[in-house]
Number of protein chains: 2
Amino acid sequence: MNTVTAPGLRERKKQRTRDALVRAALELFTTQGYEQTTVDEIAAAVDVSQRTFFRYFAGKEDAALAAQRLAVDHFVAALSARPAQEAPLEALRRAVQDGWDTLHEVVESVVPIELYLRMYRVIESTPVLLAAYLRSATETEEQIARLIAEREGLDVDTDPRPRVAVAVFGGVIRVTERLWSAGDDFSVEALRALTSAYLDQVGPALAAEWRTA
Amino acid sequence: MNTVTAPGLRERKKQRTRDALVRAALELFTTQGYEQTTVDEIAAAVDVSQRTFFRYFAGKEDAALAAQRLAVDHFVAALSARPAQEAPLEALRRAVQDGWDTLHEVVESVVPIELYLRMYRVIESTPVLLAAYLRSATETEEQIARLIAEREGLDVDTDPRPRVAVAVFGGVIRVTERLWSAGDDFSVEALRALTSAYLDQVGPALAAEWRTA
DNA sequence: AGGCTAATGACAGCCGCTGACAGTTGACAA
DNA sequence: TTGTCAACTGTCAGCGGCTGTCATTAGCCT
């Protein structure tokens, strides 16, 4: 029960199995495609039964999004670490940049970064996966909205601004993710630059008259 | 081939079958829940084979979202009808309001409005349905971004503003849909008021310092 | 009326996913 | 060390979503 004690053999074995399943899944998804890969194949690649796969993951989607979830959690942690006096949108923006700086170490513990990046294309081009990803994104947005509200000492249920700000931010992030995964330059730097540029366009986009600018 | 000619018996029959399937599906979904309803049940309620159901709908989800798709298309049409000199966000905002004014006639041709509204709660509370809905929403956003770009005489691939503006707008819309479907007042008026109030909060939410306001 | 084609039903089968039960293996104390 | 308990796993059976195939039915057109 002691969470400080080093995990025993059983725990380590579980972690290894889970990681191996994620790696095998992503490898197969990125090479043959998501729909073309069966759960039996993934399980066989790790030499466990199909039943065991479903004990580790709620479904095929869950395994496919495992690495992205890691990254998202990492980003949320980065946000929590931002100083409280920062303005909400500034904190969000910097948290994303901070998150990318250290993303490598977090992701690499489970899958190669390159596999993680390639998986983005698969998600974006597989309808059912994209759907699951978007749903998970809205859950994250709610979580972040509460975090922002807390920072500012507001009640998320009476003040609309936390949820609105996060929705705006999240909307732009998703646009950039989509454009990035559809483009040629598939580097983290490219995504970083794109996000930065698009966040700068929120003001102009909300201006009443675009032609005068 | 002539699309002006009144549709023949075959075409009318198809339309009736499709509408009947949607009605039966929504009725069952809203009463017993989405997961608890099988495709066989829906097909049986309309007295067609399960195979026929899948000839009309790509999947169970597709039938569940059929009414909402109608409404979304109606909204897009309302947007196209807005005068071109209107500012983008103003056009979007008014299109939503216009859309609701005439939503009744559009939806009622297939399902009772009340069923359509109740279906929102089912979508919002059923993970897999919500996911599908969100995916469909992003497709709509892309479509609207192109529409806005055209209005303003811009290239959607070089000027970020259309997509950013639509992402912001869409983000707020989805927040209000969620809060509305989770709340008590389940009327169109309540949703209209909520949307209006939240759109007004975009400016404040983007302000650098919330505490001074 | 009769031929053509679209729509349907019936059947078989794959795959994702779950419940139930039995076997195995790490954890922990005597 | 050993025995007990709990956790983890494999096997099997089965449901439901979904698709391909083929024979049958029913609207369309001359």
Side-chain angles (χ1 to χ4, degrees), chain A residues 1-22 24-25 28-29 32-66 122 126-132 135, chain B residues 1-22 24-26 28-29 32-66 122 126-129 131-132 135:
Chain A
M1 276 298 129
N2 191 344
T3 52
V4 174
T5 317
L9 173 57
R10 184 175 272 170
E11 210 60 35
R12 277 180 286 138
K13 214 170 174 180
K14 264 173 57 177
Q15 194 58 51
R16 274 212 321 256
T17 305
R18 203 194 128 91
D19 291 353
L21 280 170
V22 172
L28 288 166
F29 291 158
Q32 359 174 328
Y34 178 75
E35 322 259 18
Q36 286 69 41
T37 305
T38 66
V39 173
D40 282 311
E41 258 180 297
I42 302 168
V46 184
D47 206 56
V48 295
S49 70
Q50 191 215 50
R51 196 66 184 84
T52 295
F53 174 92
F54 284 111
R55 288 200 178 95
Y56 282 95
F57 303 101
K60 210 169 94 170
E61 295 170 359
D62 192 26
L65 299 178
V122 178
T126 307
V128 58
L129 266 189
L130 179 58
R135 191 181 71 77
Chain B
M1 278 297 127
N2 191 344
T3 53
V4 174
T5 318
L9 173 57
R10 187 179 269 169
E11 211 60 35
R12 277 181 288 136
K13 217 169 172 181
K14 264 173 56 176
Q15 193 59 49
R16 270 201 326 210
T17 305
R18 204 196 127 91
D19 292 353
L21 281 170
V22 172
L26 297 205
L28 288 166
F29 291 158
Q32 354 175 335
Y34 177 75
E35 322 259 18
Q36 287 69 40
T37 305
T38 66
V39 173
D40 282 309
E41 258 180 296
I42 302 168
V46 184
D47 206 58
V48 295
S49 70
Q50 190 217 48
R51 195 66 183 85
T52 296
F53 174 92
F54 284 111
R55 289 201 177 94
Y56 282 96
F57 304 100
K60 213 169 93 169
E61 296 171 359
D62 192 26
L65 299 178
V122 179
T126 307
V128 58
L129 267 188
R135 192 182 69 79

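Reminder, nothing fancy here: chain letters follow the sequence lines and each chain counts from 1. Excluded from the calculations below are hydrogen atoms, water molecules and symmetry mates; all remaining heavy atoms, backbone and side chain alike, are included.
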*Asks:* Take the protein atom CZ of A:R55 and the nucleotide atom C1' of C:dT24, then report the distance between them rounded to whole Å.
*Replies:* 13 Å

*Asks:* So does B:T52 get a side-chain nitrogen or oxygen closer than 4.0 Å to the phosphate oxygens (OP1/OP2) of C:dG9?
*Replies:* yes

*Asks:* Counting only side-chain N and O atoms of B:K13, is one of them less than 4.0 Å from OP1 or OP2 of D:dG27?
*Replies:* yes

*Asks:* Tell me, do B:E11 and B:Q15 make a side-chain contact under 4.5 Å, heavy atoms counted?
*Replies:*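 Side-chain contact under 4.5 Å: no.
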
*Asks:* Looking only at side-chain atoms of B:F54, point me to the closest of C:dA20, D:dG17, C:dG9.
*Replies:* D:dG17

*Asks:* Taking atom C1' of C:dG16 as reference, at what distance in whole Å does atom CZ of A:F29 sit?
*Replies:* 12 Å

*Asks:* Regarding A:S49, tell me which of base, sugar-phosphate or nothing describes its non-hydrogen contacts under 4.0 Å with the strands shown.
*Replies:*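 Answer is base: heavy atoms of A:S49 come under 4.0 Å of a base.
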
*Asks:* Whole angstrom is fine here: how far is it from CD in A:Q50 over to P in D:dG10?
*Replies:* 11 Å

*Asks:* Are any side-chain N or O atoms of B:Y56 and backbone N or O atoms of B:D19, one a donor and one an acceptor, separated by less than 3.5 Å?
*Replies:*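 No, because the side chain of B:Y56 does not come within donor-acceptor range (under 3.5 Å) of the backbone of B:D19.
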
*Asks:* Can you tell me how far P of D:dG17 sits from CD1 of B:I42, to the nearest Å?
*Replies:* 8 Å

*Asks:* Please give, in whole Å, the distance from C:dG9 C1' to B:F53 CZ?
*Replies:*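 Answer to the nearest Å: 16 Å.
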
*Asks:* Per the end-axis method with five pairs at each terminus, what is the bend angle of the helix from C:dA1-D:dT30 to C:dA30-D:dT1, to 10°?
*Replies:*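 The angle separating the two end axes equals 10°.
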
*Asks:* Could you check how far CD of A:Q36 sits from C1' of C:dG16, rounded to whole Å?
*Replies:*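 It is 15 Å, rounded to the nearest whole Å.
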
*Asks:* Nearest heavy atom decides the nucleotide; on that basis, is A:F57 or B:T17 closer to the 5' end of DNA chain C?
*Replies:*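 Here B:T17 is the residue nearer the 5' end.
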
*Asks:* Tell whether A:R12 reaches the base of C:dG26 with its side chain through a donor-acceptor pair below 3.5 angstrom.
*Replies:* no

*Asks:* Where do A:K14 and A:T17 land on the side-chain contact (heavy atoms from CB on, under 4.5 Å) test, with the steps shown first?
*Replies:* CA-CA 5 Å; A:K14 264 173 57 177; A:T17 305; 5.7 Å; no

*Asks:* C:dG9, C:dC15, D:dG16: which one has an atom nearest the side-chain heavy atoms of A:T38?
*Replies:* C:dC15

*Asks:* At less than 4.0 Å, is any side-chain N or O atom of A:Y56 found next to OP1 or OP2 of D:dC8? Yes or no.
*Replies:* no

*Asks:* Please examine the side chains of A:E35 and A:V128, heavy atoms only from C-beta on, and report whether any two atoms are closer than 4.5 Å.
*Replies:*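 Yes; the side chains approach each other to less than 4.5 Å.
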
*Asks:* Under 4.0 Å from OP1 or OP2 of D:dC8: is there any side-chain N or O of A:K14 that close?
*Replies:*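 Yes, A:K14 has a side-chain N/O under 4.0 Å of OP1/OP2 on D:dC8.
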
*Asks:* Take B:I42 and B:F29 through the test side-chain contact (heavy atoms from CB on, under 4.5 Å) and record every step on the way to the result.
*Replies:* CA-CA 10 Å; B:I42 302 168; B:F29 291 158; 3.8 Å; yes

*Asks:* I need the NZ-C1' distance between B:K60 and D:dC18, as an integer number of Å.
*Replies:* 12 Å

*Asks:* Please check if the side chain of B:Y34 supplies one atom and the backbone of B:E61 the other of a donor-acceptor pair under 3.5 Å.
*Replies:*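 Side chain of B:Y34 to backbone of B:E61: a pair is present.
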
*Asks:* Whole angstrom is fine here: how far is it from CZ in A:R51 over to P in C:dG16?
*Replies:*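 Rounded to whole Å, this separation is 14 Å.
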
*Asks:* From the options D:dA7, C:dA20, D:dG17, select the nucleotide whose nearest atom is closest to the side chain of A:R10.
*Replies:*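 For A:R10, the side-chain atoms sit closest to D:dA7.
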
*Asks:* If you apply the rule side-chain contact (heavy atoms from CB on, under 4.5 Å), what do you find for A:D40 with A:F53, and how did you get there?
*Replies:* CA-CA 9 Å; A:D40 282 311; A:F53 174 92; over 6 Å; no

